[in-house]
Student: 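There's a structure below that I have some questions on.
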Amino acid sequence: MKIRHLMLATAAVAALSGAAQAENVLKWGANRDIGSLDPYSFGDSFTINVLNHVYEGLVRYNKDLKIEPALAESWEILDDQITWRFKLREGVTFHNGNPFTAEDVVASLTRVSQDTSPLKGNLPAYVSSKVVDDLTVDITLNGTYPLLLNDLTNIHIFDREWMTEHDALMPTDVGAGVEGYATYHANGTGPFIVESRQPDAKTVFVTNPDWWDEPQHNLDKIELTPVNSAATRVAALLSGEISFTNDAPVQDLPRLAAAPNVEVLEGVDLRTVMIGFPFRDTLTTGEANPFKKKSVREALYKAIDLDLIHQKVMRGKSRTAGATIAPPIPGYTEALDTVPDYDPDAAKALLAEAGVPEGLEFEFNCLSDGLVNEEQFCQAIASMWSRIGLSPKLDVAPRAVQSPKRTNGKTDIYTLGWATLPLLDSYSPLLQIFHSKDGNAGVFNWGGWSYPELDTLIDAAGQELDLDARLALQTEALQMVKDEMIMIPLHQQPMAWAVTDEVAEMPLFPDAKPRLWFARMDTGS
């Protein structure tokens with residue numbers, strides 16, 4: 001009973017009524033909560049994914065992760081090669097009953113591309129959009145650009161009338177503490193409607209009976225409950241308190257797999273876990289920043305025992321990475337995927353040559369609710385760096401606390417996981433992380449680095465319509481990222497979901513995004 005009481009206290013869950021228990025209710029126990037009901041509020045793939053059950057884009061990824069029509073039925077590139085014309089789906093309505101039109105698309109694209117939008121980098125080539133007629137929209141780009149459809153899979157469409165009524169035409173920003181009506185309310189076109197929300201407790205979604213598409217799921221309701229404790233999440237699965245988690249702890253997979261009422265779904269995530277460095281002049285301590293020197297970054301790389309992290313911390317479930325993208329991602333080559341030998345003596349020598357003082361203090365910023373076993377691998381890495389004479393100050397806290405520090409340059413070394421979403425292409429990290437900060441580029445360049453030659457390669461790739469030529473440019477850029485050790489890749493993290501026997505179907509996607517409109521509960525028939 002202790003586990004049950006703890007779960008109820010953590011989630012503030014009221015007992016289901018007899019009528020509710022008769023419904024097909026998927027009880028989703030996640031390792032954290034969504035940051036907002038506004039999908040534009042932060043560049044967080046988990047929040048965006050959850051809200052993709054409520055909001056939709058012009059296009060979407062299907063079950064095979066191929067792009068297909070969604071709110072747009074078709075599209076074409078006009079003669080100027082920079083204008084895309086989208087024909088919209090007729091008869092679609094928002095959850096409040098308002099009809100979906102071209103005005104909604106233009107208002108949504110305008111909102112997400114604002115300078116104050118945390119997701120402006122997700123539309124890097126966007127210039128403007130205009131209404132052609134009620135069901136036709138033209139989108140104009142800043143040049144030829146091959147990846148617009150990939151971008152649009154993550155751009156959710158709002159109801160312009162609803163936004164106007166509630167003063168929500170401008171984006172919110174979780175990292176900057178900017179909230180609005182859309183932070184706590186939602187009105188999309190998707191397969192599920194937000195019935196209620198208690199931040200950090202429970203968010204309830206119910207089926208949209210007027211969804212334009214043919215449902216493949218049989219769900220009546222989804223209850224999303226953040227269960228931060230891995231031990232509590234496991235106990236909740238075993239007891240049936242939750243019926244699904246997209247974060248089954250790797251250390252508990254044998255126990256879960258042995259349980260008669262639980263099935264474990266395993267894979268390797270596309271997300272590459274990396275460590276980023278500050279390139280500004282001083283550290284948070286006020287001391288001169290030695291990490292601007294490549295040799296110092298190399299020293300910290302050589303001091304990390306990647307095999308030990310793989311075997312002990314990640315329980316052999318991760319894939320040690322030498323590249324900043326996973327093998328399935330376009331632009332990857334085996335030549336990128338090499339790692340240096342673990343050599344703490346060489347690391348010490350490099351630090352000495354660079355004049356790094358013994359006992360140098362710096363902040364190491366990690367998330368308590370972020371990557372798989374993040375706190376544990378951060379502790380291991382901090383210990384390894386201590387052995388070469390450094391004094392990292394491990395700062396572990398929830399995403400809500402750490403994000404403002406990272407985006408505002410208020411920390412030193414930090415972790416970052418990148419799955420190339422929504423593009424599923426190496427152009428994603430190149431533009432968003434490794435490009436210099438410039439408009440929509442470098443949105444996640446929290447270290448403040450700038451390599452003009454690298455920027456030139458990335459910019460050229462972003463305008464190259466020939467696939468082979470584009471990928472060659474991107475591979476060259478990734479090689480420069482590797483050679484300069486701008487960030488240290490650690491691994492592609494393991495992906496482990498688990499369901500109870502109440503769940504009949506739960507497709508596992510390599511981008512680690514649950515798409516519950518494909519899920520089915522066991523009805524016993």
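Every value quoted in this text rests on a predicted model; they were computed, and no experiment measured them.
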Student: Taking the six-membered ring of Phe100, is NZ or CZ of Arg89 closer than 6.0 Å to its centre and within 45° of its axis?
Tutor: no

Student: Can you confirm whether the side chains of Gln432 and Asn122 place a donor and an acceptor under 3.5 Å from each other?
Tutor: yes

Student: Taking all atoms of both residues into account, what is the closest heavy-atom pair of Val54 and Ala186, and its distance?
Tutor: CG1-CB, 4.0 Å

Student: Does Asp252 have any salt bridge (charged side-chain N to carboxylate O under 4.0 Å, His left out) partners at least two apart in sequence or in another chain, and if so, which?
Tutor: none

Student: Take atom CG in Asp133; do more than 12 heavy atoms of anything else shown fall under 6.0 Å from it?
Tutor: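 More than 12 within 6.0 Å, yes.
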
Student: Between atom CG of Asp459 and atom CG of Asp438, what is the distance when rounded to the nearest 0.5 Å?
Tutor: 8.0 Å

Student: I would like to know whether Lys120 and Ser113 meet side chain to side chain donor-acceptor pair (under 3.5 Å); could you show each step before the answer?
Tutor: CA-CA 5 Å; Lys120 64 180 181 294; Ser113 60; over 6 Å; no

Student: Which heavy atom of Leu256 sits nearest a heavy atom of Val234, and at what distance?
Tutor: CD2-CG1, 3.9 Å

Student: Taking all atoms of both residues into account, what is the closest heavy-atom pair of Asp269 and Pro510, and its distance?
Tutor: OD1-O, 3.6 Å

Student: I'd like to check the ring pair (Phe, Tyr, Trp, His ring centres under 6.0 Å) partners of His166; sequence neighbours left out, ordered by chain and number.
Tutor: Trp162, Tyr181

Student: Check Pro39 against Leu119 and note the closest heavy-atom contact, atom names and distance.
Tutor: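 Result for this residue pair: O-CD2, 3.7 Å.
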
Student: Is the shortest heavy-atom distance from the side chain of Tyr332 to the side chain of Ser426 under 4.5 Å?
Tutor: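 No - every pair of side-chain heavy atoms lies 4.5 Å or more apart.
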
Student: I need the Leu88 CG to Ser74 OG distance, nearest 0.5 Å.
Tutor: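 Leu88 atom CG to Ser74 atom OG measures 9.0 Å (nearest 0.5 Å).
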
Student: Hey, are Arg60 and Asp213 close enough for a salt bridge, meaning a charged N less than 4.0 Å from a carboxylate O?
Tutor: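 Salt bridge: yes.
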
Student: Using 4.0 Å as the upper bound for N to carboxylate O, is an ion pair formed by Glu241 and Lys27?
Tutor: no

Student: Taking only residues two or more places apart in sequence or in another chain, which ones pass ring pair (Phe, Tyr, Trp, His ring centres under 6.0 Å) with His95?
Tutor: none

Student: Can you list every ring pair (Phe, Tyr, Trp, His ring centres under 6.0 Å) pair that touches residues 196-220, not counting sequence neighbours?
Tutor: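 Found Phe192-His217.
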
Student: Would you say the side-chain atoms of Tyr184 and Glu179 include a donor-acceptor pair closer than 3.5 Å?
Tutor: yes

Student: Who are the ring pair (Phe, Tyr, Trp, His ring centres under 6.0 Å) partners of Tyr61, not counting sequence neighbours?
Tutor: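 Applying ring pair (Phe, Tyr, Trp, His ring centres under 6.0 Å) to Tyr61 gives none.
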
Student: Do any N or O atoms from the side chain of Thr207 and from the backbone of Pro209 form a donor-acceptor pair under 3.5 angstrom?
Tutor: no

Student: Do the side-chain N and O atoms of Thr415 and Glu374 include a donor-acceptor pair separated by under 3.5 angstrom?
Tutor: yes

Student: Are Asn445 and His435 close enough, and set up right, to give a side chain to side chain contact (heavy atoms under 4.5 Å, CB included), and what steps lead you there?
Tutor: CA-CA 7 Å; Asn445 180 346; His435 196 289; over 6 Å; no

Student: Does CD in Glu90 sit with more than 12 non-hydrogen atoms of other residues, nucleotides or ligands closer than 6.0 Å?
Tutor: no

Student: Could you check whether Asp138 and Thr83, counting side-chain N and O atoms only, form a donor-acceptor pair closer than 3.5 Å?
Tutor: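 Asp138 and Thr83 do not have a side-chain donor-acceptor pair below 3.5 Å.
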
Student: Determine, step by step, whether Thr183 and Asp38 satisfy the side chain to side chain donor-acceptor pair (under 3.5 Å) criterion, reporting the C-alpha distance in whole Å, the side-chain angles of both residues, the deciding distance to 0.1 Å, and the verdict.
Tutor: CA-CA 5 Å; Thr183 305; Asp38 184 348; 5.4 Å; no

Student: Does either side chain, that of Asp425 or that of Gln474, offer a donor lying less than 3.5 Å from an acceptor on the other one?
Tutor: yes

Student: Please tell me whether Thr324 and Trp418 have a donor and an acceptor in their side chains that are separated by less than 3.5 angstrom.
Tutor: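 Thr324 vs Trp418: no donor-acceptor pair found between side chains.
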
Student: Can you check side chain to side chain contact (heavy atoms under 4.5 Å, CB included) on His53 and Leu516, steps first, answer last?
Tutor: CA-CA 8 Å; His53 293 77; Leu516 300 182; 3.4 Å; yes

Student: Working to the nearest 0.5 Å, report the span between CG of Leu265 and CG of Leu508.
Tutor: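 Here the interatomic distance stands at 5.5 Å.
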
Student: Using modelled atom types only, decide if a donor and an acceptor are shared between the side chain of Arg111 and the backbone of Tyr40 within a distance under 3.5 Å.
Tutor: no

Student: May I ask you to say whether Asp104 pairs ionically with Arg160, meaning some side-chain N is under 4.0 Å from a carboxylate O?
Tutor: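 No, this pair does not count.
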
Student: Does one side chain, of Thr144 or Gln463, offer a donor that lies under 3.5 Å from an acceptor on the other?
Tutor: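 Not at all, the side chains of Thr144 and Gln463 share no donor-acceptor pair under 3.5 Å.
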
Student: Could you tell me which residues satisfy ring pair (Phe, Tyr, Trp, His ring centres under 6.0 Å) with Trp497, sequence neighbours excluded, listed by chain and number?
Tutor: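 Ring pair (Phe, Tyr, Trp, His ring centres under 6.0 Å) list for Trp497, sorted by chain: Phe244.
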
Student: Within the side chain of Glu23, is there an N or O that forms a donor-acceptor pair under 3.5 Å with the backbone of Val25?
Tutor: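 Judged by distance alone, no pair lies under 3.5 Å.
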
Student: Could you tell me if Asn98 and Asp159 have a donor-acceptor pair between their side chains, going purely by distance under 3.5 Å?
Tutor: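 Yes, Asn98 and Asp159 have a side-chain donor paired with an acceptor closer than 3.5 Å.
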
Student: Can you tell me if Asn228 and Arg32 form a side-chain donor-acceptor pair at under 3.5 Å?
Tutor: no

Student: Can you check whether Tyr414's main-chain N or O pairs, donor with acceptor, with Arg406's side chain at less than 3.5 Å?
Tutor: no

Student: Locate the shortest heavy-atom distance separating Gly35 from Val174; write the atom from each residue and the value.
Tutor: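 Reported closest heavy-atom pair: O-CG2, 3.8 Å.
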
Student: Should we say atom CG of Asp115 is surrounded by more than 12 heavy atoms from elsewhere, each under 6.0 Å from it?
Tutor: no

Student: About how many Å separate CG of Leu71 and OH of Tyr55, when rounded to the nearest 0.5 Å?
Tutor: 12.5 Å

Student: Can you tell me how far the OG atom of Ser108 sits from the NE2 atom of His156, to the nearest 0.5 Å?
Tutor: 10.5 Å

Student: For residues Val178 and Thr116, determine if any side-chain heavy atom of one lies less than 4.5 Å from a side-chain heavy atom of the other.
Tutor: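 No; the side chains remain at least 4.5 Å from each other.
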
Student: Are any of the side-chain nitrogens in Arg399 or Asp33 under 4.0 Å away from the carboxylate oxygens of its partner?
Tutor: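 No.
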
Student: With a 4.0 Å cut-off on N to O distance, would you call Asp395 and Lys405 a salt bridge?
Tutor: yes

Student: I would like to know whether Tyr427 and Asn150 meet side chain to side chain donor-acceptor pair (under 3.5 Å); could you show each step before the answer?
Tutor: CA-CA 11 Å; Tyr427 185 69; Asn150 304 63; over 6 Å; no

Student: Keeping the roles fixed (side chain from Asp522, backbone from Glu502), state whether a donor-acceptor pair exists under 3.5 Å.
Tutor: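 Judged by distance alone, no pair lies under 3.5 Å.
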
Student: Go through Thr189 and Ile157 one step at a time and tell me if the side chain to side chain contact (heavy atoms under 4.5 Å, CB included) criterion holds.
Tutor: CA-CA 8 Å; Thr189 59; Ile157 303 303; 6.0 Å; no

Student: Between Gln81 and Leu141, is a side chain to side chain contact (heavy atoms under 4.5 Å, CB included) present by the stated rule, with each step listed?
Tutor: CA-CA 9 Å; Gln81 295 293 300; Leu141 307 180; over 6 Å; no

Student: Cationic tip of Arg515 within the cone over Phe509's six-membered ring, i.e. under 6.0 Å and within 45° of the normal?
Tutor: yes

Student: Between Asp455 and Lys437, is there a side-chain N and carboxylate O pair less than 4.0 Å apart?
Tutor: no

Student: Which pair of heavy atoms, one from Met170 and one from Gln114, lies closest together, and at what distance?
Tutor: CE-OE1, 3.6 Å

Student: To the nearest 0.5 Å, what is the distance between CG (Leu473) and CD (Glu464)?
Tutor: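 Taking CG in Leu473 and CD in Glu464, the distance rounds to 6.5 Å.
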
Student: After noting the C-alpha distance and the side-chain angles of Gln492 and Thr272, does the key distance pass the side chain to side chain donor-acceptor pair (under 3.5 Å) rule?
Tutor: CA-CA 4 Å; Gln492 277 89 45; Thr272 300; 2.9 Å; yes

